[in-house]
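Sequential numbering from 1 along the given sequence is applied to the chain's residues. None of the values given here were measured: they were computed from a predicted structure.
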Amino acid sequence: MQMQGAGAAPRGLADTTLSVARNEGLRSFFRGATPALASAFIENSVVFAAHGALGRMLQPERSSGAESVALQCTQHALSGFCSATAICAPEVVKVRLQNSSKPMTGRAAWDVCVGLWRTDGVSGFFRGIVPLWGRDVPFYVVFFGAYEGFSSLCLTHLMPPGSTDLSGPMAFMCGGVAGSTSWAAVFPIDVIKSRQQAALGIPDTVFQTGRKVVAESGVAGLFRGVAPCVVRGFPANGALFLGVTMTQRLFRWYDNRGER
């Protein structure tokens, strides 16, 4: 997420889009795309692998009532913790690139990495890890919980009786709603995370960064950019769960084929 400078007047999505296109060119919309793709690949691989492994360890489906809910929340939260830890380095590089005024070249990401290493060493690649945990732990509690809740409603009311799997469009819809809901819930801590990762010098604490944002822009500053993020969350996470659903079906088909 690219941040405006201190004291800058907030602009809407359309104004920001036109300004970036006029001043920096269409290529600027893909600033930080490579580390963003790396971050997304690592994040989704780690979070679903951790979620599956934790589900087998905790086995919340064998419990009932409050115990089952607690185990599910633990499963979702620990998955987010693992994912956040894994993606911190590419997140730092992505944020630095998106906030850079230098032209986008093939060396841009490399130069950011070298600069981080020279100034901060290994710790530079984990700048903002605390608010990143603070974002992803609750994010995935809401994300998986919302998806499971919406999926249950769809299976009960919108799918044919006896269905155990969502159709592709339903999986896309449930994933999209879950993604948008989750981003809306955690966006303020994402603003703080991005501010810390973009800052130079000794980083402030989470509370110091939050106070600075509020001092500069009011409480609304913690929600600057929430609309495009929530809008983006729908197709991105809808496609994610559609892919997961189709992959699971492919694996089940392959397993059943092998048993024949």
To the nearest 0.5 Å, tell me how far [X] [atom1] sits from [Y] [atom2].
| X | Y | atom1 | atom2 | value |
| --- | --- | --- | --- | --- |
| M57 | T74 | CE | OG1 | 11.5 Å |
| R62 | E67 | CZ | CD | 12.5 Å |
| H157 | S152 | NE2 | OG | 8.0 Å |
| S83 | L78 | OG | CG | 12.5 Å |
| T245 | L242 | OG1 | CG | 6.5 Å |
| D120 | R127 | CG | CZ | 5.0 Å |

So [Y] and [X], do their side chains get closer than 4.5 Å, heavy atoms only?
| X | Y | value |
| --- | --- | --- |
| E43 | D136 | yes |
| C88 | F125 | no |
| D204 | R195 | no |
| L240 | F48 | yes |
| I87 | L132 | yes |
| M173 | L158 | no |
| F139 | F187 | no |
| T181 | V142 | yes |

Can you see which heavy atom on [X] is nearest to which on [Y], and at what distance?
| X | Y | answer |
| --- | --- | --- |
| Q197 | V92 | NE2-CG2, 3.6 Å |
| V112 | R96 | CG1-CB, 3.7 Å |
| I189 | P131 | CG1-O, 3.5 Å |
| M159 | S167 | CE-N, 3.4 Å |
| P60 | Q75 | CG-OE1, 3.7 Å |
| P90 | A86 | CD-O, 4.2 Å |

Determine, using the 4.5 Å side-chain heavy-atom cutoff (strictly less than), whether [X] and [Y] are members of one ILVMFWY cluster.
| X | Y | result |
| --- | --- | --- |
| V219 | V226 | yes |
| I129 | V46 | yes |
| F251 | W253 | no |
| V231 | V177 | no |
| F234 | V230 | no |

If we ignore hydrogens and angles and just use 3.5 Å, is the side chain of H51 paired with the main-chain N or O of V47 as donor and acceptor?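 Checked: no pair found.
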Report yes or no: does S180 contribute a side-chain atom to a donor-acceptor pair with the main-chain N or O of G233 at less than 3.5 Å?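 Here the side-chain-to-backbone pair does not exist.
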Hey, would you say the Y147 and Y140 ring centroids sit under 6.0 Å apart?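 No, they do not, as the ring centres are separated by 6.0 Å or more.
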Show the numbers, then the answer: is there a side chain to side chain contact (heavy atoms under 4.5 Å, CB included) between R232 and C229? CA-CA 5 Å; R232 179 201 66 185; C229 188; 3.5 Å; yes
Test F143 against every option in F241, W183, F150 by the ring-ring contact (aromatic ring centres under 6.0 Å, His included) rule and name the one that passes.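 When F241, W183, F150 are each tested with F143, the ring-ring contact (aromatic ring centres under 6.0 Å, His included) holds only for F241.
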Chi angles and distances behind the side chain to side chain contact (heavy atoms under 4.5 Å, CB included) call for L155, L166: CA-CA 7 Å; L155 285 171; L166 293 175; 3.9 Å; yes
Verdict with reasoning, R224 to E216, per salt bridge (charged side-chain N to carboxylate O under 4.0 Å, His left out): CA-CA 12 Å; R224 183 174 295 177; E216 292 168 5; over 6 Å; no
